[in-house]
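Shown next, in structure tokens, is the structure this report addresses.
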Amino acid sequence: MSASFHVKQHHHHHSDKKQQRESISHHSSRSSFSQLSYAAHKRIQHSTIGVQKSSVELEKRSEFIPSQLLPPRVKKYLAMDPDTNDVIGYIVPVFRTSHEFARGLVEVQEEVKEEGVGHVAMRNLFSLETSSLETSSMETITVEKKSRKRHIRESADRLELSKKVEERAEFRKKQNSDNLTHPPEFIVRPRGQTVWEGKTVKLHCTVSGWPKPRIAWYKNNVVIDDKVHPDKYTAESNYNMHSLEIKSCDFLDTAQYRVSALNIKGESSSVATVVIKRFQEGQKVGPLDAKPHGFCSEHGVTFETAIIDSFEVAFGREGETLSLGCTVIVYPTIKRYQPDVLWYRNGKALAESKWVHTHWSGEKATLTLVHLNKEDEGLYTLRVNTKSGFQSYSAYVFVRDEEVELEGVPVAPLDVRCHDANKDYVVVTWKQPAVEGSSSILGYFIDRCEVGHHHWAQCNDTPVKYARFPVTGLIEGRSYTFRVRAINRAGVSRPSRASDPVTAIDPHDRARHRAGPSAPFTGMIKFTEEDATVGVVPGEPTDLVVTEATKNYVVLAWTPPTQRGHEGVVYLVEQCVAGSECWQRANTGMPVKSPRFALFDLAEGKSYNFRVRCCNSAGMSVASSATGDITVGDVLDLPAAPGPAVATRNTDTSVVVSWGASKDVKHLVGYYISYSVAGSDVWTPANNKPVKGTRFVCHGLNTGDSCVFRVKAVNAAGYSHSSLESEAVVVKAAIAIPGVPSGVHLMEAARDYMVLAWREPAVTGGADIRGYFVDYRTVKGGVGGQWHELNSKAVTCTSYKAENLKENSFYQFQVRAINMAGVSEASLPNVALECKEWTIAKPGAPHGLHVLEVRDNSLVLLWEPPTFDGRTPVNGFYVDIKEAIAGEDWKGVHEKATKLKYMKVNGLIAGRSYVFRVRAQNLAGVGKTSAVLGPVPALTMPGTHEIILDVDDDGVISMIFECSEMAEGSEFIWSKNYKTLTDTSRLTIVTEGGKSRAIFNDPSLEDLGIFSCEVTNTVGVSASYTLTEAGLKRLLDISHDHKFPIIPFKTQMAMELLEKGRVRFWTQVEKFTAGCHVDYVFNDVIVENGEKYQMNFDKNSGIIEMFMDSLAVTDEGTFTFNLVDGKAKGSTSLVLIGEEFRELQKKSEFEHAEWIRRQGPHFVDYLGFQVTPECNVLLKATIGNIRPETEIRWYKDGMEIEEDDADYKKIEMKDVVLIFNIGKLSKKDAGVYEVKLKDARGKDKSMFNLTEAGYQTVLNELFRVIANSSTEISVKSTEHGIVLYSLITYHMEDLQVGWQHKEAKISHSDRVQCGVTGEQLWLKVNEPTEKDKGKYTINICDGKDGVKRFCDLSGQAWEEAFVEFQRLKAAAIAERNRARVVGGLPDVVTIQEGKSLNLTGNVWGDPAPEVTWMKNDRELVSDERYALKFEHGKFASITIAAVTTTDSGKYALLVKNKYGTEAGEFTVSVYIPEEEKKKE
């Protein structure tokens, strides 16, 4: 954005011309302007005392600088008066500068050699403002009274102005570039250090210098590259502080280390000497060993770090969350001191991000990987740094691919990164996935998404095979993320994890943004003249090269021209076919702003030349030099196949694979390892992220599987061919030398020999211990001599008799174990023992303690008797136990001594650890305790098997024991009563793989006892079985059944009747073979398949059937199925004799007759009845096998119902249902109803007797429907009392209804009455009293127990009903006794004028009413005209002697008493005869 500063220069009256000329002369020596134009801009004077303050002014008389003499490019910077055309000031142009730009100038190390006129104008502008402010304050003196508020505000303004003046003065000091740049200088030099071997050294230094110096570290004048050796060196630079970390120092790291700092002003270096001291040559240093003088850490505190509860090799799947954690113990604990806890992946430190979260609680270090991706796979290391050193732990994390949505598609690519980002261009790279899917990957699609949006746009229309793609067409200043998808013939993979955001920006701008606060802002600004480059045609681009060339695209790169002006330039890329001079534009569609360009759609195999031009508004540059012939094709070849894979055993779930590196491979990404179970063709990836080494540990394998491995290399061009497959290797732990024996102690001593014993190693190294070697040395005065071998041949037991010793001499002994892998380290020597004869009476200590069959709540303890019995033989042993925690006391497992040398200890608590010891006893007492065994955790190991008793089909009894953890050289050792079996006359041992079978040759009572089996070269895999007499008897019974088997039946023989009266005999066999044979026997005679008998044996279901069409008298007897299946036999029978046979015969004949009946028209359901909810009675029958010609006739009491009969209308047929609708049942409907069916195929009939019992049955059903239709009892009050009622659907006279009050039957009386009105069953209680409260029940007959409905007439229900009754009763009384006119008065009276009118009305009321006569709503009184009378309280009369027309009107007789009022109204019309005649 452009802008200008307009500054009007004020005339100063005190300046003299000499100073002006000096100023002009001084500045003209450093300006590129002419003397004349320069004088017009630079007439200023330097008139300040103390700190020099500059002001700029123009001479008041502008005629000294005629405007027409100024050059045109100067005029545009002057401010002219439009009236006088005088110069009144100048315009400061836009200065292309900023703090960031200044830092960018420093980073690219561009030197500022001279100042332009813009720089001078800017500097003097600031001086002018300051001078103007000072002049104004000097010339204006004003005396005024100020308020406190105004005074404070002006003071603040003055402070702000002073600060502004000081800042600008400092700014002017920094305008000179010579004061800014300086050579590197070491503020803090690295210090020499002397440390012990195995520790870490860190050298620190602080360097100043401008431009920012570059740092390099040297060891003995050889440069150190920390990227090549990241496991050894780590170099860091932050804010001019630099460090070199040397990890795990050894003696060879002793050297002189030099750090060199270099910039454009010079170079400086500093040297530090590092000395690595070795503790003791040839010996390891233990954590508790005493350190020599000087081996102390900082501040006198030595921190010991231990990492426990560490994480194992972990497996996760994409999209899941995985946490790794370790418990860290740092001793001693110091308040407010925390170690540095760092996490690494493949040697690179991990930082907090949205994918990685770390947590340190003070004791627990946790790393959480959110939404796993294949990029997260690798070797994770926890490193704990203290002032005394560091401790680390590492384990591998494998990330499996997420399940694909479509079978056969490839998995997602990984590790998408962005490189070489420019204004409109970026290179995207990725790594190919380990699994290509069902077919090879055809290519990749690249998607981009602008940061802040969620729409992904595909960058390429056709898949690219190369794992590197230039993306063009980006918008400058915007940020993007990218992802990649793989495609094969089956489809497109899921997208990869999105890359980190990248901004399309010029690399120099990115460097300035990235610089941050690496150096303080010095105020150095580069000013240039804008007009100096206006209209300048840019120079030609240089150094045009082809950086990438594949068969899909070619990438060009060049160096921008040095002369290009301040406006932006764009580039034009031209191409021509090699051998021609026909140049064509390559970027016709879009301008190129970056010095990079990718060309697509070139013909593969053709050669092209390329060149570049740049242009701006002033014109186009000349073309750059051509690249020369470039052939379109893949420059990077596929990697060669790696060397043959070699697999070696590692652990029970892992194998180490090594291979030869691919030869002559360029830009190797890494290797993928895959494995397959031998014999299958299913290959599984062992790693989903390429590894660069030639050795890899494949984890997650199944123990015991035989696997083969192969390796393929990968680079950006694609995959290599797979290496040769390795030889098959069984997945199980590799064999190692055994652990160290322990607990060397004395068992017996004499004058010239000593008997020693020890405990076998806890770790056997994956192979059997073949024996032990014992060494001894003499000890004199507490000093041991040289070690000597006691035995040249290994002893196989854990005890040894050392002979030919000297009496009263002291000796020490140590023991080594040997297996097929080698000899172990020597055990710790025992304390010095004196060789002298024992004279004690009690026995020595038992030895050889070990445990077998460890379970959650039990184990078996075994031991050997002491070698020294004492004065009398050993007659028993005591076993002691205690929990392996501090403070526990020893407890005896048993009270009485046992003579056995083993004991099963029960009652253990799962998960707790125990220790054991054994004591021997003789007649003299209990001897010494054995060495303590343990701690032994009471825990059943996963995959533990027990001994299983088995009886095979031949009746052979055997014991089977399986082991899933067999190691190389493992054997099954069978024992009886914990003594190894050597006699094969009783048992035959057969072992196949991980299963061993002990077969009883002739089971008998001699075989009773405890049989155990132990697997050597395993972690205590063993089990036992106690064979008792009862168990042996049960096994012998099972054996007999197997030797002489019986075919089992699911069901015994059964019989059932079928259609047509056929009889089916059947059974089902539970277990049989295809060779099973059946004999069908009747009365001991085998019958064959024929007309009478039909047989079938379904061997799929095991059902055996025999069919007979009918049963005759001769078929009475026993039916049998005899089965023979190899040596197994089976038989099942069914006896049909006597009454049971005859009953079955009758049923068979009936079913046969029924079948014949059903061949013609017949009744499926015979004639019956149904009562509908409306209480209509229907006679119904269902018929079948009907034809149109079938006759259907109805009969009642033997008489056919004809069409003209009334009952014929009641007959109807719906589908196959015949209906006779009787309607509401009455006694006249009683009778015998019959329906007959007949046609040519046959006939059938059905009858229903609706008389006596039949009638009563229908009536009971009708009562049931009526009773169930009744509603709950309702309560209604009347003027006479309370009515209880229930509504029913229909009522008939025969329906019995009973009412009860308080469970007592209600008898009919004048006060309590019951009855029926329509469909209402009611009970009336007249004049109810308190006695009528209670529960009322109505019992409606339903043909059985009746249906009852209840009503509780008490409480609120009684109160409401009784109050309503009283109200209605009072209303009825009032209605009966109220005053009313009961008759005698006409509605209209017509009378001739002059006549006499006499009317009498009959009235009623109790008490007698009051009578009033009204005329036209006005009361009449008795006088001469009106004679009003009321006689006997019943008759009221009115008499008018001679009526006139005035007597016409509306009259009323009004009667009234305390119960009410009523009016009898009538109309009187008086007419004149003469007028009537006139009307006629």
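For the numbers below, each heavy atom of this structure counts, side chains included, while hydrogens, waters and symmetry mates do not.
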Verdict with reasoning, Q391 to V328, per side chain to side chain contact (heavy atoms under 4.5 Å, CB included): CA-CA 10 Å; Q391 189 67 261; V328 179; over 6 Å; no
Check against side chain to side chain contact (heavy atoms under 4.5 Å, CB included), L861 and V936: CA-CA 11 Å; L861 177 67; V936 179; over 6 Å; no
Verdict with reasoning, W758 to Y772, per ring-ring contact (aromatic ring centres under 6.0 Å, His included): CA-CA 10 Å; W758 56 87; Y772 301 91; 5.5 Å; yes
Intermediate values then yes/no, side chain to side chain contact (heavy atoms under 4.5 Å, CB included), T653 and T703: CA-CA 6 Å; T653 57; T703 304; 3.9 Å; yes
Y393/V384 under side chain to side chain contact (heavy atoms under 4.5 Å, CB included): CA gap, chis, key distance, verdict: CA-CA 9 Å; Y393 173 80; V384 182; over 6 Å; no
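Once rounded to the nearest 0.5 Å, the distance linking CG of D1007 with CZ of F1000 reads 5.5 Å. Taking CZ from F773 and CD from E789, the interatomic distance works out to 7.0 Å, rounded to the nearest 0.5 Å. A distance of 10.0 Å separates OG in S809 from CE in M754, rounded to the nearest 0.5 Å. Between the OG1 atom of T1028 and the CG atom of L1008 there is a distance of 7.5 Å, given to the nearest 0.5 Å.
Around CD1 of I1046, the count of heavy atoms belonging to other residues, nucleotides or ligands within 6.0 Å does not exceed 12. Crowding of E888 atom CD: a count of heavy atoms from other residues, nucleotides or ligands under 6.0 Å exceeding 12. The environment of NZ in K882 is crowded: more than 12 heavy-atom neighbours from other residues, nucleotides or ligands sit within 6.0 Å.
A heavy-atom distance below 4.5 Å is found between the side chains of R855 and T944. In this structure the side chain of K842 never reaches within 4.5 angstrom of the side chain of V926, judged on heavy atoms. Side-chain contact between V729 and T648: absent, with no pair of heavy atoms (C-beta onward) separated by less than 4.5 Å. Proximity of H1042 to D952: side-chain heavy atoms (C-beta onward) are nowhere separated by under 4.5 Å. Within the 4.5 Å cutoff, side-chain heavy atoms of V656 are placed close to those of V697. Side chains of Y811 and N830 form no contact here, defined as non-hydrogen atoms less than 4.5 Å apart. Under the 4.5 Å side-chain criterion, counting only non-hydrogen atoms from C-beta, I909 is in contact with Y914. With a 4.5 Å cut-off on side-chain heavy atoms, F303 and P332 count as touching.
A side-chain donor from one of S958 and R997 sits under 3.5 Å from a side-chain acceptor of the other. Using modelled atom types, one finds a donor on one side chain and an acceptor on the other under 3.5 Å when comparing N1001 with T988. With hydrogens and angles left out, the side-chain atoms of E946 and Y1025 include no donor and acceptor closer than 3.5 Å. Between the side chains of S930 and W863, not a single donor N or O lies within less than 3.5 Å of an accepting N or O.
The two residues M959 and I947 come nearest to each other via the heavy atoms CB-CG2, 3.8 Å.
S1012 places no side-chain N or O within 3.5 Å of a backbone atom of Y978 that could act as its donor or acceptor partner. Of the possible donor and acceptor atoms, none in the side chain of S654 sits under 3.5 Å from a partner among the backbone N and O of H699.
With ring centers used as reference points, Y800 lies 6.0 Å or more from Y776.
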